[in-house]
Amino acid sequence: MRLHNQIFIAMAIAIVCGTFTDPDSAFLGIPVLMIYDTIGSLFINALKMVVVPLIVSAIISSLINIAGGERLGKLGMKTMIYYMSTSFVAIVIGLLMVNLLTPGLIDGLPAGPSLGLSADTGITLAKIEGQGASDFAGIFLALLPPNIVNAAAQGELLGLIVFSIMFGLMLRKGTGAPSERLRETIDGFYQTMMDVTMFIIRFAPIGVWALIAKTVTLTGADAIRPLAWFFLTTMGALLLHAFVVLPLLIRFLGKRSPLRHIKAMAPALLTAFSSASSAATLPLTMDCVEKGSGVSKGTASFVLPLGATVNMDGTALYECVAAMFIAQAYGLDLSLAQQFLIVITALLTSVGVASIPSASLVAITVILGAVGLPAEGIGLILATDRILDMCRTAVNIWSDSVGAVLIGRSEGEEMILMEQPNTDHTA
Ligand code: ASP
């Protein structure tokens, strides 16, 4: 059975399991939540385990294998143009939807008082505050970490990417036997990392089952109800971007069937959905884009690690909708200039946001500060954050994969589609 079908079945079983268990349930005396949590964490840990060596070796290997400096420059430029423009479009879709549907108003009045601030807002704010991205300078400083080992240990991927790009560019130029040996070694290392990744991916159905069962047990459908309108506005905007804008790009610029591409990407999209982490999903994204969609290793290993960190369409859109919703709920009528400020701040912070669950919350506090709203407003959206995080992370990955196809195509790649993407993955 294909991997994505296995994952689908696992998700369906997880929803049933999660519906019938509550946080206090036990199985043979063991708390069920602990079982879900342990299995889910094992899978996420295994994926995270490969992320740092995979990103570093993928970027360096792709830089040393792309022929011609001019071609490399063009590839970098195209990648950044794609990332920035799709994120911008996503934000504008979010802005239009939130202005149209005004989820922060109930019968024309600010919804803030009737929603009430969530009790654990203080805890969340305390968590967010320590993360160092509370100002723009933080985003730029993260580009050059003073200690690369520490950056790797902390999962600060942006700094690691900058280092890998510098290293790859220098190694490209190196002449003589030692440089040649190092190039070969890094290529071999990267290949091995991909093999390790494929082995871990075989366990995706089990991991996804545990992650979804845990979320359903903890969150349930009740959390969404009071925030239904905000939830629907965000979902509507995300769906519009994912199922209209990006498919149009892939159909007309990428000259390929969006349906086939989505099928090829299914294992990565479902993992992004259940893990809510672009970084943890990256190994699968690379595997699906190369094996299922036929994008060359050189392009995929350059575009995707960068995309997982820098290109977050779903996140950028969510940040904008959430900030506007909070403003509406507080009864603040934002001027056009303030809304423009939100758009720009959402674009910049989506680049700096870490590819981990709930990372957007940090960025939203930055935006709230920029337009003069209290950071406590974040409490209004906490209840739905997990489910929307799952959805926006899937959109982030979907946009990265569309970018890889578009850029591969613009590089003249043939991209022979596999008849059966990922057939070799059996659990
Ligand atoms: N969870 C998202 C990701 O990893 C980031 C966020 O929006 O919180 O892509």
Side-chain angles (χ1 to χ4, degrees), residues 40 43-45 47-48 51-52 54-55 83 86-87 90-91 93-94 124-125 127-128 131-134 139 142 154-158 160-161 208 211-212 215 219 230-231 234-235 237-238 241-242 246 265 268-286 303-323 325-326 342 345-368 378 381-403:
F43 178 59
I44 293 293
N45 283 1
L47 285 175
K48 281 188 181 162
V51 163
V52 168
L54 187 67
I55 283 194
Y83 286 165
T86 52
S87 294
I91 297 172
I93 292 177
T124 309
L125 276 179
K127 261 199 242 161
I128 288 171
Q131 294 190 17
S134 55
I139 296 173
Q154 300 297 324
E156 289 165 11
L157 300 185
L158 213 52
L160 219 55
I161 287 175
V208 166
L211 293 168
I212 296 281
T215 308
T219 314
F230 166 66
F231 184 82
T234 313
M235 281 305 289
L238 285 174
H241 188 66
L246 295 176
M265 289 308 300
L269 297 175
L270 296 174
T271 305
F273 180 78
S274 33
S275 69
S277 168
S278 300
T281 312
L282 178 64
L284 264 114
T285 320
M286 291 175 68
V303 173
L304 294 172
L306 212 62
T309 326
V310 168
N311 182 43
M312 296 196 178
D313 292 8
T315 294
L317 182 156
Y318 177 72
E319 287 175 17
C320 175
V321 174
F325 166 73
I326 293 168
I342 290 188
T345 321
L347 191 64
L348 285 178
T349 48
S350 74
V351 172
V353 157
S355 350
I356 53 169
S358 292
S360 292
L361 295 181
V362 183
I364 293 169
T365 57
V366 176
I367 301 180
L368 293 180
I378 204 98
I381 56 168
L382 286 183
T384 49
D385 189 63
R386 178 68 192 187
I387 295 177
L388 290 174
D389 196 5
M390 294 159 84
C391 300
R392 65 186 184 249
T393 307
V395 175
N396 291 345
I397 293 296
W398 175 228
S399 171
D400 294 346
S401 77
V402 171

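Numbering starts at 1 and runs along the sequence shown. Both ligands and their constituent atoms are indexed starting at 1 by order of listing.
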Give yes if a backbone or side-chain nitrogen or oxygen of [X] is under 3.5 Å from a nitrogen or oxygen of ligand 1, and no if not.
X: V353; result: no
X: A279; result: no
X: M312; result: no

Sidechain-backbone polar pair: [X] side chain, [Y] backbone, donor-acceptor under 3.5 Å:
X: W398; Y: A242; value: yes
X: T315; Y: M312; value: no
X: T281; Y: A268; value: no

Of all heavy-atom pairs between N311 and S399, which one has the smallest distance, and what is that distance?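 Looking at all heavy atoms of both residues, the closest pair is ND2-OG, 3.0 Å.
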- prompt: Do you know which two heavy atoms are closest between S277 and S355, and how far apart they sit?
  reply: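 Looking at all heavy atoms of both residues, the closest pair is OG-O, 2.8 Å.
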Quick check on contacts: which atoms of ligand 1 are under 4.0 angstrom from a heavy atom of [X]?
X: T393; result: 1 (N), 2 (C), 3 (C), 4 (O), 9 (O)
X: T315; result: 5 (C), 6 (C), 7 (O)
X: S278; result: 3 (C), 4 (O), 9 (O)
X: S277; result: 4 (O)
X: S358; result: 8 (O)

Checklist entry - Who are the side chain to side chain donor-acceptor pair (under 3.5 Å) partners of S278, not counting sequence neighbours? => result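 Counting only residues at least two positions away or on another chain, S278 forms no side chain to side chain donor-acceptor pair (under 3.5 Å).
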Residues forming a side chain to side chain donor-acceptor pair (under 3.5 Å) with S360, sequence neighbours excluded: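 S360 satisfies side chain to side chain donor-acceptor pair (under 3.5 Å) with R392 only.
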query: Side chain, backbone, both or neither: which part of I356 comes within less than 4.0 Å of ligand 1 when only heavy atoms are counted?
result: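 The answer is the backbone of I356.
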**Protein residue, atom and distance nearest to atom 6 (C) of ligand 1, heavy-atom basis** =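 The answer is S360 OG, 3.1 Å.
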